[in-house]
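Working notes, beginning with the structure itself.
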Amino acid sequence: MAVTADRPVTAAGAELPPLEIPITRTLIVSGAIASRDYQDVHHDAELARRKGSPDIFMNILTTNGLVGRYITDHFGPRAVLRRVAIRLGAPNYPGDTMVLRGTVEQVDGDTATVRVVGANAVGRHVTGTVTVTVPAGGA
């Protein structure tokens with residue numbers, strides 16, 4: 001799979017470099033607002049505690065965007081996300097760090113399927129697969 005002019009060919013089994021994302025209160029709140037998710041558990045710590053959470057936590061749409069960023073950071077600006085299928089697990093709370101890791105599962109021409117796992121101190125926050133196409137010619 002030709003990725004970009006400055007990136008090597010990617011084959012099944014290849015591992016993407018990990019990406020560490022500091023989970024800040026600002027990231028959680030701004031991601032929720034940007035995705036129009038006004039649930040109080042994503043911006044109001046006191047109300048989140050009343051509902052049984054130790055603090056606010058990241059919503060799935062922010063996580064989905066961070067997974068997409070991880071893939072396009074690796075495959076380059078011409079990468080097109082064809083399918084993102086993720087499942088949430090342990091919450092992302094402020095003050096933690098999520099580390100995203102990926103492994104190429106399959107390559108078919110200019111399309112790759114990447115298994116993605118994002119973990120924090122509590123456990124696995126996100127697992128899933130992303131199908132990405134990189135048009136011939138790279139960047």
Side-chain angles (χ1 to χ4, degrees):
M1 168 181 204
V3 179
T4 66
D6 61 338
R7 296 183 193 268
V9 171
T10 301
E15 293 187 13
L16 280 61
L19 175 64
E20 291 187 11
I21 301 172
I23 307 301
T24 65
R25 195 166 295 280
T26 301
L27 175 62
I28 293 170
V29 173
S30 62
I33 291 169
S35 60
R36 296 182 178 190
D37 183 346
Y38 305 117
Q39 293 292 315
D40 51 24
V41 294
H42 303 308
H43 66 85
D44 188 316
E46 182 56 35
L47 289 175
R49 282 192 280 281
R50 285 189 208 159
K51 292 183 176 182
S53 179
D55 205 338
I56 63 171
F57 54 90
M58 185 175 284
N59 72 351
I60 192 169
L61 295 170
T62 302
T63 299
N64 195 60
L66 292 170
V67 167
R69 168 196 163 193
Y70 176 59
I71 297 299
T72 57
D73 279 0
H74 178 74
F75 287 97
R78 292 191 47 167
V80 178
L81 301 177
R82 297 293 181 189
R83 180 174 185 270
V84 178
I86 61 171
R87 173 173 243 167
L88 291 185
N92 266 339
Y93 294 117
D96 206 345
T97 299
M98 178 174 63
V99 180
L100 289 169
R101 299 180 189 281
T103 304
V104 178
E105 289 189 325
Q106 179 181 350
V107 176
D108 183 13
D110 63 356
T111 301
T113 301
V114 181
R115 176 89 175 143
V116 176
V117 175
N120 59 36
V122 180
R124 285 188 174 181
H125 171 68
V126 61
T127 56
T129 57
V130 178
T131 302
V132 57
T133 298
V134 182

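As the structure is a computational prediction, the values presented were derived from the model and not from experiment. The figures here come from the full heavy-atom set of this structure, side chains too, leaving out hydrogens, waters and symmetry mates.
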Tell me, yes or no, whether the heavy-atom count around E46 atom CD, taken from other residues, nucleotides or ligands under 6.0 Å, exceeds 12.
yes

Value for NE2 (H43) from OH (Y38), rounded to nearest 0.5 Å, stands at 10.0 Å

Closest heavy-atom pair and its distance - L16, F75:
CD2-CE1, 4.3 Å

In residues 85-99, what donor-acceptor pairs under 3.5 Å come from side-chain atoms, sequence neighbours left out?
| residue | atom | partner | partner atom | Å |
| --- | --- | --- | --- | --- |
| N92 | OD1 | N120 | ND2 | 2.8 |
| N92 | ND2 | H125 | NE2 | 3.3 |
| D96 | OD1 | A121 | N | 3.4 |
| D96 | OD2 | A121 | N | 3.1 |

Side chains of V132 and R82 in contact at under 4.5 Å (non-hydrogen atoms)
no

So K51 and V41, do their side chains get closer than 4.5 Å, heavy atoms only?
yes

V67 reachable from V80 in the ILVMFWY side-chain graph, under 4.5 Å edges
no

A quick test of your reading: do over 12 heavy atoms of other residues, nucleotides or ligands sit less than 6.0 Å from CZ of R49?
yes

Distance in Å, H74 NE2 paired with E15 CD, rounded so as to fall on 0.5 Å steps
11.0 Å

Spatial distance of atom NE2 (H42) from atom OG (S35) [nearest 0.5 Å]
7.5 Å

Can you give me the closest heavy-atom contact between G109 and V107, atom names plus distance?
O-CG1, 3.8 Å

Are I21 and I28 connected in the hydrophobic side-chain network, where two residues link if heavy atoms are under 4.5 Å apart?
yes

Answer yes if V117 and V104 sit in the same cluster of Ile, Leu, Val, Met, Phe, Trp and Tyr residues linked by side chain heavy atoms under 4.5 Å apart, and no otherwise.
no

Stepwise, does the side chain to side chain contact (heavy atoms under 4.5 Å, CB included) test hold for T72 with L81?
CA-CA 8 Å; T72 57; L81 301 177; 4.2 Å; yes

Is there a side-chain contact between T127 and R115 (heavy atoms, below 4.5 Å)?
yes

With a 4.5 Å cut-off on side-chain heavy-atom distances among I, L, V, M, F, W and Y, is there a chain of contacts connecting I33 to F57?
no

As an exercise, state the distance from CG of D44 to CD1 of I56, rounded to the nearest 0.5 Å.
9.0 Å

Is there side-chain contact between T103 and V114, with at least one heavy-atom pair below 4.5 Å?
no

Salt bridge check, R50 against D40: does any charged N sit closer than 4.0 Å to a carboxylate O?
no

Chi angles and distances behind the side chain to side chain contact (heavy atoms under 4.5 Å, CB included) call for L100, R69
CA-CA 10 Å; L100 289 169; R69 168 196 163 193; over 6 Å; no

Taking everything shown except D108 itself, do over 12 heavy atoms lie less than 6.0 Å from its CG?
no

With clusters defined by side-chain heavy atoms of hydrophobic residues (ILVMFWY) lying less than 4.5 Å apart, directly or transitively, does V29 cluster with L47?
no

For residues T113 and T129, is any side-chain donor paired with an opposing acceptor at under 3.5 Å?
no

Between N59 and T62, a side-chain donor and acceptor under 3.5 Å
yes

